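Only a predicted model underlies this, so the values are computations on that prediction, with no experimental measurement involved.
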Amino acid sequence: MISLTTNTGGLKLESPAILASGILDENGYTMKRILDEGAGAVVTKSIGTEERNGYFSPVVAPEGSYLINAMGLPNPGIDFFRDEINIALKSGKPIIGSIFASNTDDFLKLALKMQDYGVSAVELNLSCPHVQGFGSEVGSDPVLVKDIVKNLKGTLKIPVWSKLSPNVTSISEIARASSESDALVLINTVRAMAIDVESKRPVLTNVYGGLSGKAIKPVGLRCVYEARKECDIDIIGVGGIYNYRDALEYIMAGASAFQIGTALMEYGRKVFGDIAMDLESYLKKNNVANIKELVGVAVQ
Amino acid sequence: MEHIEVKRKKVDTPTVASLYFEWDARVLPGQFIMVWVPGLGEVPMSLSKTGKEKCITVKAYGESTGKLAKTEVGELITLRGPYGKPFKKSGGDILLIGGGSGMASLRPLINRRSTGIIASRTPEELLFSEEFNADKRIEVTEDGRKGIKGIVLDGMDMVNPEDFSMIYVCGPERMLKAVYDKIKDKNVNAQFSLERSMKCGIGLCDSCSVNGYQVCVDGPVFDMNQLRDMTEFGTSKLLASGKRVKI
């Protein structure tokens with residue numbers, strides 16, 4: 001019997017295909033639909049302590065094989081997110097609450113509320129590349145990262161995932177700093193920009209944004225591979241996964257599950273079910289009983 | 001991102017201007033584009049003309065739409081798209097119901113067999129009314145200075161919805177919901193074009209979602225069957241921050 005069932009980051013997933021944070025995950029009904037239509041789990045939009053509108057548009061610069069976005073961490077604030085989680089939980093599948101903050105205390109407050117709301121794990125946004133004081137500015141400080149993870153692990157009953165940035169000199173150093181987490185999520189978007197030559201100005205209102213999509217798959221793979229060699233911890237791969245072959249590359253580099261975001265721009269919500277089906281066919285054809293057997297097989 | 005020159009311009013009402021341009025893309029009635037006003041923002045706009053010559057009809061209500069409406073012939077507009085699912089075509093007699101600037105996205109459907117219910121607050125804001133045959137034109141104004149005094153529903157009392165092979169509706173969501181409720185138990189076919197605040201336009205950001213469907217890619221056009229199960233339709237939506245509010 002072929003199986004895609006995966007144990008990763010302290011959770012058991014029916015499918016290793018997870019919705020990445022920031023995409024179609026601020027409305028509870030949308031998260032529920034994505035789960036109902038085949039995702040193994042969803043990660044919510046990153047939620048902070050206060051309501052934020054995010055940046056004025058343009059917030060995206062889409063091109064054929066990539067997307068640059070600077071949404072600006074829009075979120076209703078943790079207190080108003082309870083209702084959305086409640087709606088999404090009706091799917092019966094795992095919800096992972098993504099949170100962002102600038103210090104350990106706020107991370108802890110947010111994580112405890114998420115736990116109280118009934119999420120299965122929290123994902124720490126240590127990697128958003130376009131908002132001052134948050135995300136990668138926190139995640140590039142190994143001492144702070146270590147403190148945040150240690151405190152959350154010591155207090156929470158649910159698993160803690162750390163989503164890391166590729167915009168650092170050494171991914172291994174940050175991976176070590178967050179190695180008390182239940183999983184590393186690699187990678188967030190790559191800091192980038194676009195310029196419109198007619199109006200002679202940056203396209204994104206925020207100037208800088210995060211690059212995602214096909215273009216960043218090789219960077220994500222490299223980070224997963226390096227982290228796999230560095231520490232013995234579950235890794236969830238993300239960055240440019242559009243089909244089962246992309247997913248397999250991440251798995252063979254050492255990821256035990258993977259997240260999908262920008263591919264929705266091309267394939268829509270059905271991408272989760274399609275990739276799962278193609279993975280099953282691949283396993284069957286290659287006489288592999290469980291996808292777990294392929295994790296890290298390419299690591300030398 | 002494409003840059004297209006405005007070929008002609010028509011001021012339709014004191015606050016509404018139509019910008020005409022030639023653009024090679026194939027666009028169908030009901031689809032929309034994202035128009036960028038550099039420095040001010042990006043605005044989703046449905047096309048009010050979809051042949052070789054295309055048109056956007058801009059209502060100036062904010063800074064970015066105000067600047068866009070002031071675009072002159074020979075100047076460039078910057079856009080991406082087209083996006084979204086179009087209206088499904090229908091033969092026979094059709095009914096077009098447009099509230100406010102909603103008539104802009106219905107305009108490409110106007111033909112000799114279309115009846116229009118055109119509703120606005122004041123006579124000056126009645127949009128594209130003159131493009132309907134005089135005997136197939138039902139004008140409704142809230143101030144009652146032209147046509148019927150009242151709202152869209154009052155205009156609908158002038159026709160039997162079951163006489164039409166298809167009803168097309170566009171306007172503010174509360175109006176759409178009122179029209180939907182009025183015809184939902186009748187033997188009619190109808191398509192509604194939803195307006196929700198959009199950020200990305202490409203099905204990623206979740207700003208415009210209704211019960212898990214993205215208005216920008218699954219819509220903006222939805223039929224009666226799709227709307228039947230949408231508990232968020234006409235009741236709640238998310239603000240720019242993602243905070244849920246009542247409509």
Verdict with supporting geometry, B:Ser209 and A:Asn27, side-chain hydrogen bond (donor to acceptor under 3.5 Å, both in side chains):
CA-CA 7 Å; B:Ser209 297; A:Asn27 185 324; 5.4 Å; no
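Using a 4.5 Å cut-off between heavy atoms, B:Leu204 touches chain A through backbone and side chain atoms alike. Contact annotation for A:Glu37: neither backbone nor side-chain heavy atoms come within less than 4.5 Å of a heavy atom of chain B. Interface remark: A:Asp25 contributes backbone atoms only to the contact with chain B (heavy atom separation under 4.5 Å). Heavy atoms of A:Met265 lying under 4.5 Å from chain B belong to its backbone as well as its side chain. For B:Ser207, the parts sitting under 4.5 Å from any heavy atom of chain A are the backbone and the side chain alike. With a threshold of 4.5 angstrom between heavy atoms, A:Ile47 does not approach chain B through any atom at all. In this structure, the portion of A:Pro62 lying under 4.5 Å from any heavy atom of chain B is its side chain and not its backbone. For a residue to count as touching a neighbouring chain, one of its non-hydrogen atoms must lie under 4.5 Å from one of that chain's; by this rule B:Glu232 touches chain A with the side chain only. Only the side chain of A:Phe80 comes within less than 4.5 Å of a heavy atom of chain B; its backbone N, CA, C and O stay farther away.
By the 4.5 Å heavy-atom criterion applied to side chains, B:Thr231 and A:Tyr29 are counted as neighbours. Between A:Arg269 and B:Gln214 there is a side-chain heavy-atom pair separated by less than 4.5 Å. Contact annotation: the side chain of B:Lys199 approaches that of A:Pro74 to within less than 4.5 Å [non-hydrogen atoms, C-beta and beyond]. A:Asn75 is not listed as a side-chain neighbour of B:Lys243, based on a closest heavy-atom distance of 4.5 Å or more. Taking the side chain as every heavy atom from C-beta outward, A:Glu26 and B:Leu238 approach each other to under 4.5 Å.
The contact list for residues 86-99 of chain A toward chain B, using heavy atoms and a distance under 4.5 Å, reads A:Ile87 by residue number. Of all residues spanning residues 21-48 of chain B, those with a heavy atom less than 4.5 Å away from chain A's heavy atoms are B:Trp36, B:Pro38, B:Gly39, B:Gly41, B:Glu42, arranged by number.
Side-chain N or O atoms of A:Lys45 include one that pairs as donor or acceptor with a backbone N or O of B:Cys205 at under 3.5 Å. Remark: side-chain polar atoms of A:Asn53 are not paired, donor with acceptor, to backbone N or O of B:Ala240 under 3.5 angstrom. A distance-only check finds no donor-acceptor pair linking the side chain of A:Arg52 to the backbone of B:Ser241 [under 3.5 Å]. Side chain of B:Arg244 to main chain of A:Pro76: no donor-acceptor pair is present (N/O by atom type, distance under 3.5 Å, no hydrogens or angles).
To the nearest 0.5 Å, atom CG of residue B:Asp206 and atom CG of residue A:Leu24 are 5.0 Å apart. A:Arg33 contributes atom CZ, which lies 8.5 Å from atom CG of B:Asp218 (distance to the nearest 0.5 angstrom).
Ranked by heavy-atom pairs under 4.5 Å with chain B, the first of A:Leu73, A:Val203, A:Asn69, A:Leu264 is A:Val203.
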